[in-house]
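So that the names make sense, note that chain A is the first sequence line, chain B the second, and so on, each numbered from 1.
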Amino acid sequence: MFAGGPREHAGGQRHPRADTAGDRARRLGRVARDDRPADVRDEAERRPDRRARLQGRAARYGREHRRAHRPRAGRGDAGAAGAVLEPTIGRHMAVERKHPLIPAREVDPRQELPGLEQAVLERWRERDVFAESVRTREGAPPWVFYEGPPTANGRPGSHHVLARAFKDIYPRYKTMRGYRVQRKGGWDCHGLPVEIGVEQALGLKSKADIEAYGIERFNAKCRESVFEYLEEWNRLTERIGFWVDLDDAYRTLDETYIESVWWALAQISRKGLLYEGHKVVPYCPRCGTALSSHEVALGYEDVVDPSVYVKVRLLDSDESLLIWTTTPWTLPGNVAIAVGPEIEYARVRYRDETLILAAGLVERVLGDEAEVVGSMSGDDLIDRRYVGPIFKLRGVGQQTYPVIGGTFVTTEDGTGLVHIAPAFGEDDFGAAAAVGLIDRNDAATLLNPVRLDGTYDDGVVGYEGRFVKDPSLTEELISDLDARGLLHKREDYEHSYPHCWRCGTPLIYYAKPSWYIATSKLRERMMAANETVGWHPPHIKHGRFGDWLRGNVDWAISRERYWGTPLPVWRCEAGHTHTIGSFAELERLSGRALDDHHRPFVDDVELPCSHDGCHARMHRVPEVIDVWFDSGAMPFAQHHVPFADAKTGEDLSPAAESFTTDAARFPADFICEALDQTRGWFYSLLAVSTLLFEQAPYRNVVCLGLITDAEGQKMSKSKGNVVEPWQVIDKFGADAFRWYFFTSKQPWDGYRFSEEAIGEGVRLFLKQLWSTYFFYVLYAGANQDVLQAPADALPADLDRWARSRTAAVAELVAERLDAYDATTAGRAIAELVDDLSNWYVRRSRRRFWDGDPAAFQTLRECLINVSKLLAPFCPFIADEIYDNLEGSLASVHLCDFPAGEALTERDEQLEEAMAIARETVRLGLGARAQAKIKIRQPLAEAIVVADGQERAAIERLSEVVREELNVRRVRFVEAADELGEYEAKANYRTLGPLFGKEMPLAAEAIAALDPTRVAAAVRNGEGIGISVGGREHTLTADDVILTMKAPDGYSVEREGAHAVALDLHIDDDLLREGRAREIVHAVQNARKNAGLAVEDRIELWLDGDEALTDAAQAHGDYLAGETLAVSLKAQHAEGAIPYPSRYSEQTEIEGLRLQIALRKHGV
RNA sequence: GGGCGAUUAGCUCAGUCGGUUAGAGCGCUUCUCUGAUAAGGAAGAGGUCCCUGGUUCGAAUCCAGGAUCGCCCA
């Protein structure tokens, strides 16, 4: 029957439109938007017409429906609908509702999601939900998350939303699984990026400028700038639903944090792993600073440099070594020539000279003029000596230099002979140190004729004070070599060479003293620790990260800068050093207490030398600590460990030990950052943790990929393709933003990011979910007495199916989230929602109209479970649905994740059966389409070919199939005989391994069998013997695949062994019924055209072709019922319509004329 | 120059242990059904699974080489 609701309540009282969640949300949305940056506000205001349109439509729609489906009990007291929207503050304060099963408030079908989210945020604030979600898990097993601290000196971008979305989903999920997940926020405050920002703001260009400006003032500016965008960060963090404790965030500039870092470094120093050494670093002579590897990577450019081949005369010989270099300016620093010990070298007669170079390069370097006259290995050359220096050095007479071995020597280009200048190359430095030419820890042994500003010192005769990267200098050097007969040839060489990303100056590699942590001694231990880590994606473990660990070199942790944790090393004139491990120790030794241990204050603190018998004063070394060490110390420094736990004194080891045994603080169960952190935070955490505690600081790492624009181009301000997060949030909402990141692809693959992509997710998933939820609330509102009735309703198969499907998805989602695979989990939820919306609700519509309690209970339960499953993904919409439908806890985020007992047991047979039934429907609809028979036209019979379990499944659900296909009967046939013929094919998967090379023959043999006989045999469980290549085999049911051949003369859709045929014979009875349905459709249209409300009763007159009026008469009750006609006159006669002036229209059905006239009843 | 990852329909992406005719969503065309759903359903068009070679009865899938893109490193 048509809805009882509207008919009975058509006369119900009007009531003022309730203040819906949507209204409230929109209000809040407007208020909140005003806080936003101007550009965001503008963006919002550019679309007023769209919003107005949506609201107008929503209001119109809502009004119609509220009239149509007015609840039986009436809602004159707006209590249930409106007043409850003021949530009460307090723990577990649930929404008041009439009855636990009745939704608390009405739902706007066109709800604008960003506005809704604002309202949910408000509710979270009022009910203190985040804190509560941690509090309620007090005493529960901890699950530890570490926040990788961003720097708040820039505005947050979309990639930060990505990271924060993933940093949120797993903690939320684990909380719902019963863990206690504390989430301390954090901010990275120190470092060169901060300094550079301030330098630019102040117009400072060099370190000298900074010192002239004053370190104290400079650092004060740095301190301010670090939090320049803190407010926006906080706002974005909250808005996207990243739950993290920002009020108690750690900050790397805090005194407590610095003290923990000092403690860590002192521990490392005590283990003998902190040392000062020389290393060759990329250095910008113009900026006067070494660059970190990250900075270097920013500045590679392809350039053409002149390269030179230089002849160097061996001692006591007429032979010359032919060396090759792309940096002639390093030749004055030459102290040796390296050969590859394994490489074969040739002695070559070339014009009037004898040259030595790698045998494999002779032709390339010398052409065919060269004549090889001998050969030797690299080993043979080692320890021979040559005469130098190549360029005249003040105070250095002619002397000899050695040929040494170097594993880095290759024959890919050059000559296989490498000139060694230890001050200007890492390999050079290492090779020279390895043979004792220099002492790593004694600067005096290093020949370095270049000053810090990149000019030669006075030792380079004739070139004093010249800038080494000056192209004209290079030319002069080359001419000089040529004039002295040392130049074999020059040629241009194209290569990529690093430049300073700030000023564009080519970098030079330059030996400088620097402080190091001997991490290379811990290589094995770090690799072992890495083995305990679950990486997502897994290839990082032994790929990018494992490789990095394997190639580990000592960590250069000092920076000659200003804004950072000061290096706590004090040194006296005699060279004794002492590493301070606490503020108390510093105070005790120096007698001075500091409020701020940053530079410059700490620079002035002097200590007496701690070495026995040395009475010199100690001064702090000038460097600050690499910011990566700050971040690596975060597991303990964020808690001021060990100081916060220590009772008294300076012996802090017990406190440190208790830290590593405290499961609530160490190690982390989960961290998540972008892929570029493999060399950054992922490494610094692991290194510091291995140094101090000899174990990995994290158990699971999720690595996120890069966000690019829709064309795959990197987002950059200069390209103007940056998608601002506020833009997206304002338009689609945070749930949509998050959903896109979670489900569009695996996060480590990177994103091609566009607004369209996010909009698609909203339309296909969030809107669909909302719409299903709206449907439930709408009908629940109109059937409150049904909901309050005792729950003794018998669920239909469809209900059991919906519950089982939900349980199946819940299992999968939990399993996938445990494996850090949000993508598969999210997609499964989307499929579930689609099933609920497009199958469960569609199939159950009539039951909702009729007020079947089982349908209400089922849909409500499924929606609540969906909201719980979805809570970690889309925390806003999930909470809104939960709060309205259930609300016994203050938030869905305080609920347990649906798992185990909380769910209905699965009925996998039913799930399977429904899948088969739906497939049958699909085939049947295909058959209809093929026959071009509209669904409105009923047919007598659908003939289904199905057997065994398939048949049982369809029979169980035959009502569904029957209704969907609009047929009177579903009939089964076992064999395809009535519908066509079988075709037997070989199952390659089972037979392939058996027959191997004979497989094609076997397939042929099976195809040649009589399919009917095969089908019969399979049905009866008999085997069929075949013989292929002399081999006998008995085929089982698994070995053959039976498919149907297309028959003639039927409308059949088939797929595999499954087929549906429709009886196309339409008798008069069916024809009349089909016509009646067409007439209903036409009358419904006429009602709409006449501007009637859905529940209006009509008087109806039909006139027209006799075939139609006959049908209308034959199905009068049906027609009247569907169209709410209190009276119906249908006749084929002139003047049959007495009131043409009310409303009438003429239409055609199947080419037959129909005149419809109607008027509203009771007017 | 080295390492890692990616490459499947116009677009965004799935694709299990190597197995029969490679899928989904969006978009497009046609039809259809609609008073929860700017929705749903059916059909159609659309594919050199980046290329070449190899292994195999059989390769999108495994191996080698190459191309292109991205990231990391030099």
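Aromatic rings of A/Trp849 and A/Tyr779 (six-membered ring for Trp) have centroids within the 6.0 Å cut-off, being under it. Annotation: A/Trp770 is in aromatic contact with A/Tyr773 [ring centroid separation under 6.0 Å].
In this structure, the nucleotide among B/rU37, B/rC13, B/rA38 sitting nearest to the side chain of A/Arg110 is B/rA38. Side chain of A/Ile935, nearest nucleotide from B/rG41, B/rC13, B/rU32: B/rU32. For A/Leu706, the listed nucleotide lying nearest its side chain is B/rC71; candidates were B/rC26, B/rU32, B/rC71. Side-chain atoms of A/Gln746 lie closest to B/rA14 of the nucleotides B/rG19, B/rC13, B/rA14. Minimum atom distance to the side chain of A/Lys745 is reached by B/rA14, of the listed B/rU37, B/rG5, B/rA14. Among B/rG25, B/rU37, B/rG5, the nucleotide with an atom closest to any side-chain atom of A/Asn838 is B/rU37. In this structure, of B/rU37, B/rG3, B/rU34, it is B/rU37 that holds the atom nearest to the side chain of A/Ser771. When distances run from any side-chain atom of A/Arg679 to the nucleotides B/rA38, B/rC73, B/rG19, the shortest one goes to B/rC73.
A/Trp535 and A/Asn530 make their closest contact through NE1-OD1, 2.8 Å (heavy atoms, listed as atom of the first residue, atom of the second, distance). The two atoms that bring A/Phe856 and A/Ala780 nearest to each other are CE2-N, 3.6 Å, heavy atoms only. Of all heavy-atom pairs between A/Gly425 and A/Val280, the closest is O-CG2, 3.3 Å. What you find for A/His159 and A/Ile707 is that their closest heavy atoms are CA-CD1, 3.4 Å. Considering every non-hydrogen atom in both A/Cys500 and A/Leu507, the closest pair reads N-CD2, 3.5 Å.
Put simply, A/Arg544 has no side-chain N or O that comes within less than 4.0 Å of OP1 or OP2 on B/rC72. At the phosphate of B/rU34, OP1 or OP2 sits under 4.0 Å from a side-chain N or O atom of A/Arg936. The phosphate of B/rC33 has neither OP1 nor OP2 within less than 4.0 Å of any side-chain N or O from A/Arg842. For B/rA36, one of the phosphate oxygens OP1 or OP2 lies less than 4.0 angstrom from a side-chain nitrogen or oxygen of A/Tyr779.
When rounded to the nearest whole Å, the span between CG of A/Leu812 and C1' of B/rA14 equals 14 Å. Between the C1' atom of B/rC33 and the NE2 atom of A/His1081 lies a distance of 8 Å, rounded to the nearest Å. For A/Glu106 and B/rA36, the CD to C1' distance is 15 Å, given to the nearest whole Å. Taking atom CD of A/Glu426 as the reference point, atom C1' of B/rC73 lies 12 Å away to the nearest angstrom. A/Gln677 has its CD atom 13 Å from the C1' atom of B/rC71, to the nearest Å. Whole-Å rounding puts the A/Arg752 CZ to B/rU7 P distance at 12 Å. When rounded to the nearest whole Å, the span between CD of A/Glu673 and P of B/rC71 equals 19 Å.
Using a 4.0 Å heavy-atom distance criterion, A/Val921 is classed as making no nucleic acid contact. In this structure, A/Gly992 reaches the bases: a heavy-atom distance under 4.0 Å links it to at least one base atom across the strands shown. Residue-level contact check: A/Thr678 touches neither bases nor backbone, having no heavy atom under 4.0 Å from any strand. No contact: A/Gln768 has no heavy atom under 4.0 Å from any strand. Residue-level contact check: A/Leu764 touches the backbone only, with heavy atoms under 4.0 Å from sugar-phosphate atoms and none from bases. Nucleic acid contact class of A/Arg763 (heavy atoms, under 4.0 Å, all strands): sugar-phosphate only.
One cannot find a donor-acceptor pair under 3.5 Å joining the base of B/rA39 and the side-chain atoms of A/Ser837.
Spacing of P atoms, B/rA59 relative to B/rC50, comes out at 15 Å, to the nearest Å. The separation of B/rC63 from B/rA22, taken at their P atoms, amounts to 23 Å, rounded to a whole angstrom. With both ends at atom P, the span from B/rG46 to B/rG5 equals 36 Å, rounded to whole Å. Nucleotides B/rC31 and B/rC17, compared at atom C1', are 42 Å apart to the nearest Å. Nucleotides B/rC26 and B/rA43 are separated by 14 Å at their P atoms, to the nearest Å. B/rU52 sits 25 Å from B/rA14 when the P atoms are compared, rounded to a whole Å. Spacing between B/rC13 and B/rU56 at atom C1', rounded to whole Å, works out to 30 Å. Distance noted for atom C1' between B/rC49 and B/rU8: 4 Å (whole Å).
Side chain of A/Arg928 to backbone of A/Asn966: a donor-acceptor contact under 3.5 angstrom is found. Side-chain atoms of A/Arg1077 do not come within 3.5 Å of backbone N or O of A/Gln937 as any donor-acceptor pair. The backbone N or O of A/Leu675 sits less than 3.5 Å from a side-chain atom of A/Thr678, completing a donor-acceptor pair.
You'll find the side chain of A/Pro537 reaches within 4.5 Å of the side chain of A/Cys703, heavy atoms only. Side-chain contact between A/Tyr751 and A/Leu162 is present, with at least one heavy-atom pair separated by less than 4.5 Å. With contacts defined as side-chain heavy-atom distances shorter than 4.5 Å, the pair A/Arg842/A/Glu964 qualifies.
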Give the B/S/- string for nucleotides 58-68 of chain B, one per nucleotide from 5' to 3', where a protein heavy atom under 4.0 Å of the base yields B, of only the sugar-phosphate yields S, and otherwise -.
-> -----------
Any chance you could encode RNA chain B as dot-bracket? Rule is Watson-Crick or G-U wobble with both distances under 3.5 Å; [ ] for pairs crossing earlier ones, | for another strand.
-> (((((((..((((.....[...)))).(((((.......))))).....(((((..]....)))))))))))).
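Between A/Tyr497 and A/Tyr509, the two ring planes are perpendicular [angle over 60°; tilted spans 30° to 60°].
A heavy atom closer than 4.0 Å to some atom of RNA chain B occurs in A/Arg827, these being the qualifying members of residues 823-832 of chain A.
One finds no salt bridge joining A/Lys541 and A/Asp547 here, because no Lys/Arg side-chain nitrogen approaches an Asp/Glu carboxylate oxygen to under 4.0 Å.
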